[in-house]
Each structure stands twice: as structure tokens, then as C-alpha cells.
Amino acid sequence: MPEAVHLASGKVREVYALDDDRLQLVASDRISTFDVILPTPIPDKGRVLTGMSAFWFARTRELVPNHLLELGDDGRTTICRRLEMLPVELVVRGYLSGSGWVDYQASGSVCGHALPSGLLESERLAEPIVTPATKAEEGHDLNITEVEAARLCGANAYAAAREAAIALYIFASDHAESRGIILADTKFEFGTDRDGVVTLADEALTPDSSRFWPADTYAPGGPQPSFDKQYVRDFCLSTGWDRTYPGPDVPVDVVAGTRGRYIDAFERLTEIPFERYLSDPKVVM
Ligand code: Q0Z
């Protein structure tokens, strides 16, 4: 097999070209908090996210076409169709959190969606909204309106992507809620294939691209704990860290607790023991 050519690095993943039609995405065990990559990896985090993403791709392929072709035996490698990516990402929000809450407090709307007054932080929205953002290489994505997104993508491609994103969010948030996890919001990236078909790409419905909250402690009126990262965040802040590079080393018990939370999320959502995934990653597909 010819050598994979490195194309791009994300904060915690790498992309390689296998040939003109196929890419290989490799997820590392690095973890970021407050936008800083910590010096200590979380063992198996890349495998958990790769398996979870493939699980959702496999279960939603009738709903929305996606880029997944194969999983590597290492459990952290996705082989996918190489698409022409849309220049925006689509965030679907079912709850008011993060930049949505910030923008709502300042203006009463989020990406052009006027919302009722008096909503609380983390409150569930009457219906999910799509809030596009431009993709920044470094630093923060910039929220834009759907009108701007449609201009950047072309009206037809954007309309197809927004319908797909809403359908995926409803499917996944219903599934997650029935297993004790609130999918507060999630970011999707789409591309078009050689026939112009809008196709789900990148990773999808993982803790790195979504806010997962434990349902049993949900209480609107403030920020909610992150299902996966709260231990590591709380530890980092307890050291007096100022949220700038470099982050603190993470002790073994905090690493183990965080790894356990990722595996718990995987097993709750997929109903597949993580050990089975490690012995044969294709069990999720
Ligand atoms: C996604 C990214 C990552 C760094 C390229 N199916 C596709 N076709 C064309 N391009 C992409 C995909 Cl997934 C693509 N990214 C984002 C992923 C590391 C950046 F693993 N870049």
C-alpha cells in the first residue's frame, strides 16, 4: 500500500491522504480544556471517540449519507471518502449554553434566531436551532447567521446540510436521552461528493464535538458539568492554573477517572462493551 501523505493536524487529530478519493483520520489521546492541550494524555480517548463517531455514522447512514468507509484495527483510525468540504460548520443547539448563552445575553438572539426573553443558562429550547460558524484555523470559530452560511455554501447545499443536521440531532439526542445523557449541542461538518451530494464528514456526535451532560443532575439556571471532562477541568482549576499554555500535568487518579467517564459514555450510548470494541473495532458498524 502506498504511503499515507500527511495533510493537516487538528488539536487532537491528524488527517492523511491515502489516494485521491480517500482520507485517513487518526485520533490521538490528547485532551484539551479551556482550549489548551494538556501535557498528559487520556489512554484510549482517541479510540473511544473514533468508535463513537463510527457508531453514529453506521446508525444514521439511511438518514444522511456520510463519509465512513472503514475503521482501522488500531481503533483510532477512520478511513473515509474524501469530499469537497463546505466552508462552515453547523452547530445544532437544543439547549442554551456556551457561545449561544453568551450571544443570547448580549442580544436576545443566537446567529439570527430571536429567542423568547427570560431564558435561563442551559435551558432547553422549544425546538433545536442551527447556528453556523466559520472555521478558524487557529483560535475561535466565528458565529454567523444562516443567511451568511447559505451565501458561503450556496443556498441548495446549505439547505440540505441544515436539514441533515437537524435530523441527526433529533435522532442522536433522543437516543442519548433514553440512556441518561443530554446532548445539549453538537457540531457537524459536511462536504459534497463527486455527484454533489451533501455528505456528513469529520467526526460526529462525540464529546469533543458536542456538549454531553449527565441527565440525572440537569438543573437549568447555570452551567452544567461536562459528562467527560469535568474531573480534569476541576483538577486543573484547583491548581490555580490561569487557563493559558501550558496546562498542568494531570495526576494518575484524575487520568483514570476521566478515562472511565469516556468509556462510560461510549458504553451507555453504544451498548457495546468497550473491551469488545478494542478486540474488533468493526463491532460498532
Ligand atoms: C476534515 C480535520 C482532522 C485536522 C479535512 N471526508 C473529508 N473530506 C475532505 N476533508 C476532510 C474530510 Cl473528513 C477534512 N478535516 C478536519 C480533521 C485533523 C482537521 F482529523 N480536514
Side-chain angles (χ1 to χ4, degrees), residues 2-33 35-38 41-42 44-61 63-92 132-142 144 149 152-154 157-158 160-161 164-165 168 172 186-210 228 262 281 284-285:
E3 212 38 42
V5 175
H6 185 253
L7 285 188
S9 296
K11 277 199 297 187
V12 302
R13 297 177 303 152
E14 307 293 331
V15 198
Y16 301 85
L18 290 178
D19 52 45
D20 288 349
D21 301 329
R22 295 180 310 149
L23 299 181
Q24 182 172 275
L25 310 182
V26 184
S28 74
D29 292 338
R30 294 192 291 275
I31 186 169
S32 72
T33 187
D35 284 321
V36 175
I37 308 288
L38 298 178
I42 305 299
D44 292 324
K45 172 176 174 281
R47 293 188 175 91
V48 167
L49 270 60
T50 298
M52 218 184 270
S53 200
F55 168 83
W56 293 116
F57 285 140
R59 268 136 198 93
T60 63
R61 52 181 294 179
L63 207 55
V64 176
N66 67 64
H67 75 165
L68 177 64
L69 293 173
E70 290 170 49
L71 288 176
D73 291 332
D74 65 2
R76 62 173 73 254
T77 300
T78 304
I79 297 165
C80 60
R81 288 192 283 152
R82 190 174 189 169
L83 306 168
E84 195 71 52
M85 298 301 286
L86 298 186
V88 304
E89 53 191 43
L90 281 76
V91 179
V92 186
T134 58
K135 295 187 243 183
E137 275 301 310
E138 199 74 2
H140 266 127
D141 299 327
L142 182 70
I144 58 174
L152 290 167
C153 298
Y158 183 73
L168 290 164
T186 192
K187 176 187 83 176
F188 296 111
E189 300 206 23
F190 293 91
T192 51
D193 70 9
R194 59 174 75 260
D195 301 322
V197 176
V198 170
T199 301
L200 179 63
D202 207 63
E203 67 175 335
L205 298 160
T206 69
D208 276 9
S209 63
S210 316
D228 48 296
Y262 278 103
V284 295
M285 293 178 64

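Each ligand, and each atom within it, is numbered from 1 in the order the structure gives.
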Go through the structure and list residues passing side chain to side chain donor-acceptor pair (under 3.5 Å) with [X], not counting sequence neighbours.
X     : value
Glu89 : none
Thr50 : none
Asp35 : Lys11, His140

Notebook entry, point to check: Looking only at heavy atoms, what is the nearest atom pair of Val284 and Arg59, with distance?
Noted result: O-NH1, 2.8 Å
Notebook entry, point to check: Under the 3.5 angstrom rule, does the side chain of Lys135 hit a backbone N or O of Leu86 as a donor-acceptor pair?
Noted result: yes
Margin query: With a sphere of 6.0 Å drawn around CG of Asp21, does it hold more than 12 non-hydrogen atoms of other residues, nucleotides or ligands?
Written below: yes
Could you go through ligand 1 and note, for every N or O atom, any protein N or O atom closer than 3.5 angstrom, writing the atom names and distance to 0.1 Å, or 'none'?
unit_1: ligand 1; atom_1: 6 (N); unit_2: His67; atom_2: ND1; d: 3.0
unit_1: ligand 1; atom_1: 6 (N); unit_2: Arg81; atom_2: O; d: 2.8
unit_1: ligand 1; atom_1: 8 (N); unit_2: Leu83; atom_2: N; d: 2.9

